[in-house]
Trainee: 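Structure below; questions to follow.
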Amino acid sequence: MATFSPEFSNPPEFSSAPIFHEPPSEESLLEGLTDSQRQAVIHKDGPALVLAGPGSGKTRVITRRLVWLLTQGIPEHQILAITFTNKAAGEMRARVEALLPGTRLQVSTFHSFGVKFLRQYAEQAGIDRGFLIYDQSDRLRMTKTALEDAGLDDTRFNPDRVSAAISKAKNMLLSPGAYAAQAQDYWSKQVALAYPAYQKRLKQANALDFDDLLYLPAMALRQNAELRARCDARWKYLLVDEYQDTNMAQYALARQLCQDHPNLFVVGDPDQSIYKFRGSDIRNILDFERDYSGCKTILLGANHRSTQSILKAADSLISHNRQRKPKVQTTHNPKGRPVEVVAYENQESEAEGVALRIRDEIQAGRRSLRDFAVLVRMNALTRALEQAFIKYRIPFQIVKGLAFFERKENKDAVAYLRLISNPKDDVSFLRVVNEPARGIGKTSIEHVEAHARARDLSLLEAAGQAEFIPGLTGRAAQAIVKFARLLEKLRPLADGPPHEALIKLLDETGYKAALKKTDDADQDHLANIEELITAARQFAQLDPSNNVAGFLENISLASDLDGFNTSQESVTIMTMHAAKGLEFPVVFMVALEQGLLPHERSLDNELELEEERRLCFVGMTRAMQELQLSYARLREFRGRTTYTVPSSFFDELPPPPDVRKIERGGMRRDESDYSTDHPMDYEDTPIVMAPSRSATAKSAGSSAPFTPRAGEPDELRQGMFVAHGEYGVGQIVEASGNGALRKVRIRFQTAGLKVFLASKAKLTIVHPGEDF
DNA sequence: GTAAGCTTTCTTTTT
DNA sequence: GAAAGCTTAC
């Protein structure tokens, strides 16, 4: 799903606080808060650390404090709030605005703050203002080239690892020189050769990687005292959420901005630090009181989310960590049902067990689909779940970090866009120069690269001179020049709206025609492209000044997580990482097996193991009322089926009655025939829908004849079941666009995934209770 | 120079 | 199981 500005992706559900049209009084701002929450809200000057356990009302506190500061007369431009995701930023902004209409508070992630900062202070940071942001796959490509430049063999030096090492160096604010100076062992010394080569390549392409977005501002502030003082005075009040997941560069950024005006208010929970792999350092929060003298520490210990049993189980688990501040967690909630630890035979029965439990709850009218979440350690584990949910026709949404922009056709289209916006972007050039096929092969490109390197040109510039490059055959040279001219001609599109640029680009470069020519299966690809164009159009409509560069920036910082919609009537499947900050009445955590959670890479390292434990803790504490933890005795993974060992974390849970162990030997007898998997099994299964839908509820369970109903395009929604003349019944897994442009991605039992234009495809909505 | 088909490799989490 | 890399046949 393509989502841009978080502001319009999700109409935020506002907190229970009343909406004021006059500035709210202090009394009303503090209404319904506990003592410690109040203290946090009315903390004004000086550093403060708010240790906020799961479900402790953190968001409420932050929102109200921001509003409180404004009511104290602090001008909004002096406040900077940093959140962990774009989505969180959008919601925070909206919440504040709801309490105080007309406010435009600066709420961003560290990365988007970095981008704004660098556009404004480009000279001070020593970069070109028109920079482009490279994602991790661009970064990897660049690393490969850099390894070549540095004369290192990329088979011996894994580009992934080198790239990770460079990223780590930047997170630690080590310049290439500083890194080389401290490199001791052979490996680091080799990285020290690749790092400057990589930087040089980035600079030539006028690109920054994700780490630069933090590294460069932090360095600029460190090296430029005048700039630092100016910024310190500009943002007098700084608030950082999820502080436990800050890395050193982020730490430094906050530190520099809070010297003359040390009003740094951080909120976090050391037990929920789960981003070490990205450079987060849990010590940032553990040492906060030491780093900021005079710091006021506020503990939000009360949990308003989970039942006693869930809390007890989570607490028992996390108390096995050594690197933490012990804390007492309490709740006034009832004891609730025991946390269930369930053993299944294999991953299919596990997935079906979850699906059936959900189905039963829904059919009994006890819950609605959105009450459920299934959490996994990694994305690869979602397949069995997906199949089970389809089999039992339970609407679900899989929330993946990146999916949409990772698709090949979208990456290609974006590469074209990037190339007209920034002709120096060599990575994009290489990506599209022969896409569609133009008769420009590997050897020809190598000649162009050599020419470019010798003359310090970008690849596109070199391509323009292809006639003069020795070694190129006449035909190749012609094709290359033609390509260069074409892009040169299309460059002015970069100043216009992004969707128009995309349409024209894909047309003129022949990309669209090439896609159209391919066989049926590739209609997906076209559909994806059209979705990208729709997204670009939406972006352009937000603000007439939104051009190609703005669109590119927006998508490089966006993730599909931002599009996650809690109000949708479907079960949520996501990773435990993605679930941070969310809550669900019922949570299932699956595949809790040694090697998966805790992940095998953490088994021999105590610190990593503690991180896995925190991850498990985060997952468990998402649950409000019911929590089921499960594993399968037999699991197929990496194409091999192996006997598993239950997660060692099970041994760290409390005894009954808070936790109950359940054996699900095999499958339930009536469900055990999926191995034969007749389409019949599927057809016989009633569709699961929340019975609250009044119009449909009365027919549920009856055998009323199937009355086909043509769906208007806009009626088709994600999660719905539809019938197609050829492919049978399937579930809409994704829907986007509107009217004639509305596109639906449908997963069919037998035909797999297909994409249709809703207005063209002959689809009928299948309603609950209808047989067919 | 290209496309298809084969083999090998490598598996976490995401701004 | 998928993606990237490699080989082979046009």
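Basis for what follows: all heavy atoms, side chains included, without hydrogens, waters or symmetry-related copies. Since this is a predicted model, take the numbers as computed values, not measurements. So you know, we letter chains A, B, ... as the sequences are listed, proteins then strands, and number each from 1.
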Trainee: Could you spell out the base pairing of DNA chain B as a dot-bracket line? Use Watson-Crick and G-U wobble contacts where both distances are under 3.5 Å, [ ] for crossing pairs, | for partners on a different strand.
Mentor: ||||||||||.....

Trainee: Can you tell me if A/T575 touches the phosphate of B/dT14, counting only side-chain N or O atoms and a distance under 4.0 Å to OP1 or OP2?
Mentor: yes

Trainee: Do the rings of A/F539 and A/F551 sit parallel, tilted or perpendicular, given the 30° and 60° boundaries?
Mentor: tilted

Trainee: Got a donor-acceptor pair under 3.5 Å from the side chain of A/R377 to the base of B/dT13?
Mentor: yes

Trainee: Would you tabulate the pairs of protein nitrogen or oxygen atoms and nucleotide nitrogen or oxygen atoms of nucleotides 4-9 of chain B closer than 3.5 angstrom?
Mentor:
none

Trainee: Under a 3.5 Å threshold, yes or no: a donor from one side chain and an acceptor from the other, between A/S163 and A/K144?
Mentor: no

Trainee: Could you walk me through whether A/F84 and A/F110 satisfy the ring-ring contact (aromatic ring centres under 6.0 Å, His included) test, starting with their C-alpha distance in whole Å, then the side-chain angles of each, then the deciding distance to 0.1 Å, before giving a yes or no?
Mentor: CA-CA 7 Å; A/F84 193 68; A/F110 267 112; 9.4 Å; no

Trainee: In whole Å, I'd like the distance from the CG atom of A/N605 to the P atom of B/dT12.
Mentor: 17 Å

Trainee: Excluding sequence neighbours, so at least two apart, what forms side-chain contact (heavy atoms from CB on, under 4.5 Å) with A/R324?
Mentor: A/D271, A/I318, A/S319, A/N321, A/K327

Trainee: Take the angle between the ring planes of A/F277 and A/H577 and call it parallel below 30°, perpendicular above 60°, tilted in between.
Mentor: perpendicular

Trainee: Do nucleotides 1-10 of chain C as a string where each nucleotide becomes B, S or -: B if the base has a protein heavy atom under 4.0 Å, S if just the sugar-phosphate does, - if no protein is that close.
Mentor: BS--S-----

Trainee: Holding to salt bridge (charged side-chain N to carboxylate O under 4.0 Å, His left out), I want the full list of residues that pass it with A/E386, two or more places apart in sequence or in another chain.
Mentor: A/R747

Trainee: Show me, pair by pair, the donor-acceptor contacts under 3.5 angstrom made by side chains of residues 476-485 of chain A, not counting sequence neighbours?
Mentor:
none

Trainee: If I take atom NE2 from residue A/H111 and atom CG from residue A/L208, how far apart are they, to the nearest 0.5 angstrom?
Mentor: 11.5 Å

Trainee: How would you label the contact of A/F84 with the nucleic acid (heavy atoms, under 4.0 Å): base, sugar-phosphate, or nothing?
Mentor: sugar-phosphate

Trainee: In terms of side-chain geometry, is the basic nitrogen of A/R139 or A/D135 positioned less than 4.0 Å from the acidic oxygen of its partner?
Mentor: no

Trainee: Hey, are A/E608 and A/R601 close enough for a salt bridge, meaning a charged N less than 4.0 Å from a carboxylate O?
Mentor: no

Trainee: Provide the distance between the two C1' atoms, one in C/dA4 and one in B/dT13, to the nearest whole Å.
Mentor: 22 Å

Trainee: Do you see a donor-acceptor pair shorter than 3.5 Å between the side chains of A/D209 and A/Y215?
Mentor: no

